[in-house]
Amino acid sequence: MTIRLYDTNARQIRDFTPLKPGCVSIYLCGATVQAAPHIGHIRSGLNFDIMRRWFTYRGYDVTFIRNVTDIDDKIIAKAHEQHRPWWAIGYDNERAFNDGYAALGCLPPTYEPRATGHVPEMIEMMRGLIERGHAYAADGNVYFDVRSFPGYLQLSRQELDNLLQPSGEGETGKRDARDFAMWKAAKPGEPTWPTPWGEGRPGWHLECSAMAHKYLGSAFDIHGGGLDLIFPHHENEIAQAKAYGDDFARYWVHNAWVTMAGDKMSKSLGNSVLVSEMVKHWRPIVLRYYLGTPHYRSMIEYSEESLREAESAFARIEGFIQRVVEKAGTVEPADQVPPAFAEAMDDDLGVPQALAVVHTTVRQGNSALAADDKEAAVARLAEVRAMLGVLGLDPLDEHWAGEGDDRGEDLHGVVDTLVRMVLDQREAARARKDWPTADALRDQLNQSGLVIEDSPEGPRWSLGSR
């Protein structure tokens, strides 16, 4: 068994060999908490949640770090706009992110460090870089000298002479316009911390280099994040960490975006779909299916139609699970997933291919039910639950227990009585082989937002997502 991952730095799929046998260390760039999360943000956390779950299934002891950037130009700007403390903006949105991760079934990280809690580690890293000639102080700022580090831009494959380095207000005293800020000098109305080079606040890139070093040491296995972080963020992280003396990450794994009309979903473009709004209209487990089942390196073009397709596909899985449980009672997950599922997951987390195995197993289970082969149906359900557990999509898992309990349960009995009346009429039409009438009644129920399913025990209904 060998897990293989696409390494952005190598531009190829590589066999995964851990630094420490039996252990995996992962650092994921988490939220910059200037606003509530949209589904593009949560996709990243979800993709790496699936990675973590697969490593755990394969027997690895996983240390998973997902940081919180709680001080940043955008957070300060939001604080000024809203006339609120910067830390209140950050805290509220950090909670919104954690609510989003939890709603979609992401396991909590091993540690979730905040940038503002690690200023001493940042000062120590800057001191070491200045002593080694890789950084310098100017006008209260501290900059990294990009020409001092020969490996700079290896990850993004850019040419230094053509580089346009993003630069912020007040970044004065640079020796080279391409040098980037690790520490930003104090400005009126902004939060500051004391350093040997003056009052100021951290630069974005320094935060992650310092926190990765603190929690994972000088070398770790996997660094993850979205494609948009390759430059400048991850490139600058590498420069700081390696110039400081760390080996840093051995594999770089990047997830693709959620797009709308071909553009990356983002707050600045005004095309984001907030998780807090989505869960009001779609079951969280369906959102997880929608965001988590495409390959992590594939773009997801957001649309209502594609969400409905995901809902229908997952309903087929749930329908099979429900039928077997009704017939056989509780069925525990199998100890092992089917070999074809494992092969797909080992190959760069091939979730689409793995999901195809899930649906094939569901079809086999439905055939067993139709043949009244209870033993085979139970065996298939055990396999399905094992596979769904790896993907975080097992509807029988305690995380999803009671999902949707707030969706008008007080009206359930009334609705059930009314729906049963229509279903009785439909059954009578079927008995006299009046298929057009039977189909018309079913279509009317479907258009009302109800899902009708014919089972060996008779027709049953469930509420759709809207």
Side-chain angles (χ1 to χ4, degrees), residues 28 30-31 33 35-54 64 66 92-109 112 255 257-258 260 265 272-294 296 300-322 325 333 351-352 354-355 358-359 362 384-385 387-409 412 449-451 462-466:
L28 174 64
V33 288
H38 56 65
I39 58 174
H41 293 129
I42 298 300
R43 182 194 182 184
S44 179
L46 204 161
N47 286 154
F48 285 91
D49 180 67
I50 292 173
M51 172 191 283
R52 174 193 188 175
R53 288 170 182 265
W54 184 243
F64 182 62
R66 186 183 67 210
D92 285 351
N93 291 316
E94 180 183 340
R95 292 180 64 186
F97 267 88
N98 284 331
D99 288 347
Y101 291 133
L104 269 65
C106 294
L107 300 172
E112 191 168 27
N255 65 276
W257 304 328
V258 178
M260 290 184 72
M265 188 173 287
S272 57
V273 182
L274 296 181
V275 175
S276 58
E277 291 302 313
M278 293 293 287
V279 296
K280 295 176 183 178
H281 303 286
W282 300 90
R283 294 171 57 207
I285 197 169
V286 169
L287 285 177
R288 183 178 177 101
Y289 185 95
Y290 171 67
L291 294 171
T293 54
Y296 74 90
I300 299 175
E301 175 67 15
Y302 171 79
S303 72
E304 291 278 325
E305 181 181 359
S306 58
L307 258 167
R308 285 192 291 271
E309 291 172 354
E311 179 184 50
S312 296
F314 190 68
R316 290 193 291 273
I317 297 173
E318 281 191 305
F320 164 68
I321 294 172
Q322 184 179 358
V325 170
V351 174
L355 192 65
V358 174
H359 283 285
V362 166
V384 166
R385 287 202 65 193
M387 293 185 281
L388 293 179
V390 167
L391 301 176
L393 286 168
D394 181 2
L396 299 181
D397 184 90
E398 63 181 10
H399 174 81
W400 304 110
E403 185 191 42
D405 282 350
D406 59 346
R407 303 177 67 199
E409 289 299 318
H412 188 278
L450 301 175
V451 178
S462 62
L463 194 62
S465 65
R466 294 165 304 288

Inset, instruction - Evaluate the criterion side chain to side chain contact (heavy atoms under 4.5 Å, CB included) for residue pair F320 and H359; output intermediate values, then yes/no. - result: CA-CA 10 Å; F320 164 68; H359 283 285; over 6 Å; no
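Taking the side chain as every heavy atom from C-beta outward, I321 and L388 approach each other to under 4.5 Å. With contacts defined as side-chain heavy-atom distances shorter than 4.5 Å, the pair Y302/L307 qualifies. Side-chain contact check for L396 versus P333: every heavy-atom pair is 4.5 Å or farther apart.
Without hydrogens or angle criteria, R43 side chain to W257 main chain gives a donor-acceptor distance under 3.5 Å. A side-chain donor-acceptor contact under 3.5 Å links H399 to the backbone of A102.
In plain terms, the two heavy atoms of S276 and V279 that are nearest each other are O-CG2, 3.4 Å. A pairwise comparison of heavy atoms in M260 and V273 identifies SD-CG2, 3.9 Å as the closest pair. Shortest non-hydrogen contact noted between S44 and L28 is OG-CD1, 3.8 Å. Shortest non-hydrogen contact noted between P294 and I300 is CG-CD1, 3.7 Å.
The CE atom of M51 sits 12.5 Å away from the CG atom of L46 when rounded to the nearest 0.5 Å. Rounding to the nearest 0.5 Å gives a distance of 5.0 Å between CG of L107 and CZ of R52. A distance of 5.0 Å separates CH2 of W400 from CD1 of I285, quoted to the nearest 0.5 Å. Here I50 contributes atom CD1 and T293 contributes atom OG1; the two are 8.0 Å apart, rounded to the nearest 0.5 Å. Note that the CZ atom of R53 and the CG atom of L393 stand 8.5 Å from one another [nearest 0.5 Å].
In this structure, H41 and H38 have parallel ring planes: the angle between them is below the 30° cut-off, well short of the 60° mark.
The stretch residues 284-294 participates, sequence neighbours left out, in these salt bridge (Lys or Arg N to Asp or Glu O under 4.0 Å) pairs: D49-R288. Sorted by first and then second residue, the salt bridge (Lys or Arg N to Asp or Glu O under 4.0 Å) pairs with a member in residues 312-322 read R283-E318; sequence neighbours excluded.
With sequence neighbours left out, E277 forms a salt bridge (Lys or Arg N to Asp or Glu O under 4.0 Å) with K280. For Y290, the side chain to side chain donor-acceptor pair (under 3.5 Å) partners at least two apart in sequence or on another chain are S306. Take Y289 and apply the ring-ring contact (aromatic ring centres under 6.0 Å, His included) test, not counting sequence neighbours, and it matches F314. Under the side chain to side chain donor-acceptor pair (under 3.5 Å) criterion, N93 pairs with no residue at all, not counting sequence neighbours.
At least one test fails for R66 against the ring of F97: distance under 6.0 Å to the centre or angle within 45° of the axis.
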